[in-house]
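Structure record follows, encoded as structure tokens.
Counting begins at 1 with the first residue of the sequence.
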Amino acid sequence: MKTAAHSIALLKEPKNLYLGTLYAAGFLLWLFHMEFPARTLNQWVTLYALTGSVLALNFFVFRLPPNGTRQSMDSAVILAALFVYGLQMALYVVIISHLILMFAKRKTALWKHAANLWMYVIITIIASYVFDWVGGETGFLEIEQLHTYFICMIAYFGANTVIIGGYHVLFVAQSFFSVVNDIFKESFLAYVSTLLLSLVLTVLMQSTHMFGLFLFMIIAMLISNSFILLFDLYSSISERAIRDQRTGLYNHGYFEEALEEALRGGRADGGRFALALLDIDDFKRYNDAYGHLKGDQLLEFFGKQLQTLLDEHLVARYGGEEFAVIMRGLSVHEAHEVMNKVRKTINDTYFEGVELFPHGCLSFSAGVVEYTKDVYDRHQLVDRADQAMYYAKAQGKNTVHVFREDSALQRTIDIEQDLREIEQQVNIFLSKDIYTFQHSKRVFRYAMELSDALQLSETERRTFVLGALIHDIGKLEIPRDVLNKKGKLTDEEWEMVKKHVIWGKEIAATNERFRPLLPLIELHHERYDGSGYPRGLKGEEIPRLARALCVIDSFDAMTTERPYQRTKTFEEAIAELRAFSGTQFDPELVEAFIGVLKRRGRLLSADEPEPGHAAG
């Protein structure tokens, strides 16, 4: 009973169900349509010649750029057999050729051979049905009936696309529409050319019989070989474009594209991956001692070691003596373990002159970070890995460190100095826009109090309060007459105002110490339901501190007197926060901030004005 139950469970798995359905449908259709009549010697010769042509073309499989889609021209022979000799001949050609291929290509899994065989059977029978339905007749090609051939080829192509699409959905975890898009983008023209060649072969076989088939095979193999050479040339050029010449690893540009792709995958289906940045310890000392030529040789040696030890992952030269590794499917702790093993192996690998290094061996420091939903672009992820690497360096080098928000030494924290630097920027608003100056100060005070309520770490607290103080710095780029306009903004002016988050990010990015503040500056106008700007992020895709800043920023805007905008009382603003909780605001953070306001309200002295009303 256990064996039977286990078999039933296996059949219910989507992949096995798909293959089982494909096998059963193909076999039953073949059984229903196949006949075994007596054949003449000429018919056997024709059958073997067509079968040999299909086999030959299967050994001239070519690939097409950019992604190397595999193609052969065997479909031209199968369709020509259908057009000239009918369904029976075409099915015999399919069955015999694929049975021979099973023995000739034994390295390919048997289930793949079977899936390919029954797919060809199904699409050939569907094409035959459509050909008969639209009035097509086997034998000589009639120009007046040319449309029947084209409709038949469309049916053949459509059935093939549907079956291949189902395969990719289940076995490659790719959406059906993306498969169809890839087929049309990469191989549609080549496939159409193959189908049209079936008409050429039909005409040749009708007029000159076997000589026409022989002539077609020469042309088809020459074309296939040209495609093979073209793809090899394309691959060679592409490979040189994405490889670092010194180390042979992927270059910085390719790494950024791969990281973007990994981020898209993470956002779309929650795919897990980790990023590691590593830096050769004391490389400058080695370069100075032995010269740049020897230093280049060390880089080349180190790159080859990484490629060998991390062959399952994407390894790139990030720049100089820095390298990057994208590890798909790994958690941060698994990635840390992998990088630690690599580090120990590198330590034990000798290279001339490594005695010069303080550890007496070749070593590196590395930072590891895992993708999370609140990572909204590659720069943020790289910055986190860089912070972790900085910490590893600060701990004495030759170590691997995992990024954590609460790592006390991620960066040297001097919040007083940072405050002074930022306030110099904010003070510019005094002469340009007094409202923004006062607003930034109030939001800063709210952030100080909310950070205590949220029990933020020192690193998070620094990021939150400094980000609150500088979050509107991009408004310095907006003309004074737009900032101080006492009326409704035009659509063009409003679009300009919305750009302040991008301009603010660019201003803050000029100071390396303020890189952690960039998500707050850029994303404090994102909405919890995804209708905000500039990126339209939703829910946990928005970093938590940016979600918190959105709450306090909006609250202060509601409770501050401005021309042509009625000022809300604290009670009205709290009601507004709750009304838009879950749409504009994170519900958890709304309640946390309301708790802060309630506690602060009880502590206000009689003569202390409420924030938001003192500014006027």
Side-chain angles (χ1 to χ4, degrees), residues 372-374 404-408 410-411 413-416 418-419 422-423 426 438-472 514 516-529 532 537 539-560 568-606 608-615:
T372 53
K373 284 185 178 180
D374 65 337
R404 292 189 300 274
E405 291 285 0
D406 58 350
S407 293
Q410 296 278 359
R411 292 284 193 209
I413 297 176
D414 184 353
I415 194 166
E416 294 297 329
D418 292 342
L419 274 173
I422 288 178
E423 284 193 314
V426 174
Q438 293 170 335
H439 168 71
S440 298
K441 290 283 191 174
R442 287 191 300 272
V443 173
F444 165 74
R445 290 198 294 272
Y446 284 138
M448 292 284 285
E449 295 175 84
L450 184 56
S451 63
D452 292 333
L454 297 177
Q455 297 182 333
L456 300 181
S457 67
E458 283 303 312
T459 305
E460 290 174 317
R461 178 185 174 89
R462 169 192 178 273
T463 300
F464 188 40
V465 298
L466 294 181
L469 185 59
I470 202 176
H471 73 283
D472 274 339
F514 299 148
L517 312 184
L518 301 186
L520 281 79
I521 297 170
E522 183 181 7
L523 306 178
H524 67 275
H525 282 293
E526 296 288 353
R527 295 172 62 111
Y528 197 69
D529 62 1
L537 302 180
E540 293 183 0
E541 293 176 352
I542 310 167
R544 185 168 182 247
L545 297 184
R547 281 179 271 147
L549 180 55
C550 178
V551 173
I552 59 178
D553 179 48
S554 299
F555 179 83
D556 185 72
M558 287 187 281
T559 56
T560 300
K568 289 182 172 62
T569 65
F570 269 33
E571 290 73 17
E572 289 173 332
I574 288 173
E576 188 96 345
L577 289 180
R578 283 185 168 144
F580 289 93
S581 177
T583 54
Q584 183 172 352
F585 309 115
D586 183 326
E588 177 190 349
L589 297 173
V590 164
E591 293 306 318
F593 181 56
I594 290 173
V596 168
L597 293 173
K598 288 181 177 178
R599 287 191 294 274
R600 186 180 184 190
R602 288 196 296 269
L603 294 173
L604 284 175
S605 61
E608 184 180 357
E610 288 187 354
H613 293 283

- Message: Distance check, rounded to the nearest 0.5 Å: His524 atom NE2 versus Ser554 atom OG?
- Response: 8.5 Å

- Query: Distance from Phe585 atom CZ to Arg527 atom CZ, nearest 0.5 Å?
  - Reply: 7.5 Å

- Task: Mind checking ring pair (Phe, Tyr, Trp, His ring centres under 6.0 Å) for Tyr528 and listing every partner two or more places apart, or none if nothing turns up?
- Result: none

- Query: Considering only heavy atoms from C-beta outward, does the side chain of Arg461 approach that of Asp452 to under 4.5 Å?
  - Reply: yes

- Note on the structure: For Thr583, the side chain to side chain donor-acceptor pair (under 3.5 Å) test, sequence neighbours excluded, returns none

- Message: How long is the straight-line distance from CD1 of Ile574 back to NZ of Lys568, given to the nearest 0.5 Å?
- Response: 13.0 Å

- Could you pull out all residues at least two apart from Ser581 that satisfy side chain to side chain donor-acceptor pair (under 3.5 Å)? none

- Task: Apply side chain to side chain contact (heavy atoms under 4.5 Å, CB included) to the pair Ile542 and Asp586, showing each step before the final yes or no.
- Result: CA-CA 10 Å; Ile542 310 167; Asp586 183 326; over 6 Å; no

- Item | Flag side-chain contact, heavy atom, 4.5 Å: Thr569 against Thr559 | no

- Task: Could you tell me whether the side chain of Thr560 and the main chain of Ala557 form a donor-acceptor pair under 3.5 Å?
- Result: no

- Message: Distance check, rounded to the nearest 0.5 Å: Phe555 atom CZ versus Arg442 atom CZ?
- Response: 11.0 Å

- Side-chain heavy-atom pair Glu541, Leu523 within 4.5 angstrom cut-off: no

- Residue set satisfying side chain to side chain donor-acceptor pair (under 3.5 Å) with His439, at least two apart, ordered chain then number -> His471, Asp553, Asp556

- Any chance you could lay out the side chain to side chain contact (heavy atoms under 4.5 Å, CB included) test for Val443 and Leu469, step after step, and finish with the verdict? CA-CA 7 Å; Val443 173; Leu469 185 59; over 6 Å; no

- Task: Would you give the length of the straight line joining atom OG1 of Thr463 to atom CD of Glu458, rounded to the nearest 0.5 angstrom?
- Result: 11.0 Å

- Task: Starting from the C-alpha separation in whole Å, work towards a yes-or-no answer on side chain to side chain contact (heavy atoms under 4.5 Å, CB included) for Leu589 and Leu454.
- Result: CA-CA 9 Å; Leu589 297 173; Leu454 297 177; 3.9 Å; yes

- Nearest non-hydrogen partners of Phe464 and Leu545, listed with the distance: CE1-O, 3.6 Å

- At their closest point, which heavy atom of Ser451 faces which heavy atom of Val465, and how far apart are they? OG-CG1, 4.4 Å

- For Ala548 and Leu450, work out which heavy atoms get closest and say how close. CB-CD2, 4.1 Å

- So do Leu520 and Leu466 actually touch side chain to side chain, heavy atoms under 4.5 Å? no

- Which residues share a salt bridge (charged side-chain N to carboxylate O under 4.0 Å, His left out) with Glu526, sequence neighbours left out: none

- Mind checking side chain to side chain donor-acceptor pair (under 3.5 Å) for Glu591 and listing every partner two or more places apart, or none if nothing turns up? Arg578

- How about Val596 and Ile552: do any of their side-chain heavy atoms sit closer than 4.5 Å? no

- So which heavy atom on Asp472 is nearest to which on Ser440, and how close? CB-OG, 4.5 Å

- Message: Side chains of Arg544 and Arg547, heavy atoms from C-beta outward: is any pair under 4.5 Å?
- Response: yes

